[in-house]
Amino acid sequence: MSRFAEPQHTAFRGLNDSIGFDWRLGPYDVEQSRAHAAMLASRGIISGEDRQALHDALAQVEQELGEGSFPFAPSDEDIHMAIERRVTEIAGPVGGKLHTARSRNDQVATDMAMFVRAHADQTSQAIAALARTLVEVAEAHLDWPMPGYTHLQRAQPVYLSHHLLAYVWMLIRDRQRFAAVSAATAKLPLGAGALAGVNFDTDRRQVADALGFSGVAENSVDAVSNRDFVLDYLASAATCATHLSRLGAEVVLWSSEEFGFCEVSDAWASGSSIMPQKKNPDAAELLRAKAPRIAAHLVALHGVMHGLPLSYNKDMQEDKEHLFDATDTLDLCLAAAQGMLATITFRRERLAAASSDEFLAATDIADLLVRRGMPFRESHGVVAGLVRTAIEQGMTLSELTREELAGHSELLDDEYYAVLSDGAWLESKISEGGTSLQRVRQQLERAREALSAR
Ligand code: ARG
């Protein structure tokens, strides 16, 4: 019997069915059903014989899903109903007992929590792999000077290793965020029923233990309403993708003819269909472009969830495609970034030439005056005057004469020329976290430590 006198409209089916995407929850749904059936039996809600029949059928379903032979039916609205239907086909009427003391509302929340936890861990490992590659690349280019930029104007030179390690720290923070995502999935929703709890004396702790949850959700209404962990995954993914987009953008710039700092390997580049001379850093460009897509998934799910009355609403079915696309996109970007960086070539001469621009030492000259007692704000002005004089005369800073220096400040002597000689202004950045070699070595050590944890 059905409450409904009419079949569902095909357009309604198209809108309402989620099987086209939630099939990805299949393995989690089987696992939770197995734990649920075991709990029902251990509480005497179903018999041991029933449990065995359900477990046998679930084992077959698992195999069919795994090898792609699961017979989906046109009537399957979502993965939960598809699996229950198939279990009943295999096991007979006992299959109908699987849904005892369970609703699709707590079921789907549980599948989603399991999916998010598994993917947060997987993403975190991919982040660690990329970070380790960056540490290796940094180590291989430990003392290669390059210009550091602000406003994309040459600012102060740094070592390439130092610049690359900046990304490693972003990725280390990303991993911390994904660890928090995983922690946000710790409480088991299953057992909340549709929203109010169920009419059986179930053992939710047993199910939690079997499925790797550390506890049970305390409030059944919250349990079926909660998608915070999906928002958390998307927020962390958006931040991580934004980091990758900055890395991609720099590789695009740096591999241009104008910069000439690096070249991506052929495996990570494409040619032009019309201009035979071209080698385009497409992978880096796409890293740059994927970030807003992931951020959009986050914004979209905030839109779905905001203002929703408690508890479950069908709106929440929209969490899936946003999450699935975000996990797929981020994992692909992480793998591509890792592969591209592992095989990139840097050009030492181009980096060195760009960083030997003496104007990059302007701050160091100002600091020389500070060491001689001049307030920094004043020395900043003196050096600005020197830079202006040099530019007006088409000279470099070290080409200015002693007389010209004296015209700007009587505190300037031969040490001025020493500060400007052979990269002294790189090794002078001795403060903790600075670019001097000793500090970069220390940083490498710390990054390795941070990455070896877990
Ligand atoms: N396919 C649904 C979803 O993903 C499953 C839950 C359906 N619950 C319901 N009361 N209709 O949200």
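Counting convention: from 1, in listed order, for ligands and their atoms alike.
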TODO: With heavy atoms only and a cut-off of under 4.0 Å, state how Q107 meets ligand 1: side chain, backbone, both or neither.
DONE: neither
Have [X] and [Y] got a donor and an acceptor in their side chains that come within less than 3.5 Å?
X	Y	result
Q60	D56	no
S161	D143	no
Q443	R446	no
H163	E250	yes

Among all protein non-hydrogen atoms, which one is nearest to [atom], and what is the separation to 0.1 Å?
atom	answer
atom 10 (N) of ligand 1	N105 OD1, 2.9 Å
atom 6 (C) of ligand 1	Y312 OH, 3.4 Å
atom 11 (N) of ligand 1	R104 NH2, 3.5 Å

- [ ] Using heavy-atom distances, let me know which of K320, E77, Q317 sits nearest atom 1 (N) of ligand 1.
- [x] Q317
Task: Proximal candidate to atom 5 (C) of ligand 1 [heavy atom criterion; set I79, D319, D78] - done: D78
Task: Residues that R154 engages under salt bridge (charged side-chain N to carboxylate O under 4.0 Å, His left out), provided they are two or more places apart - done: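 Listed in chain order: D357.
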Open item on the list: Show me which atoms of ligand 1 lie under 4.0 Å from any heavy atom of S18.
Closed with: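 Counting from 1, the qualifying ligand atoms are 1 (N).
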Open item on the list: Testing F178, F115, F324 one by one against Y233 for a ring-ring contact (aromatic ring centres under 6.0 Å, His included), which residue passes?
Closed with: F178
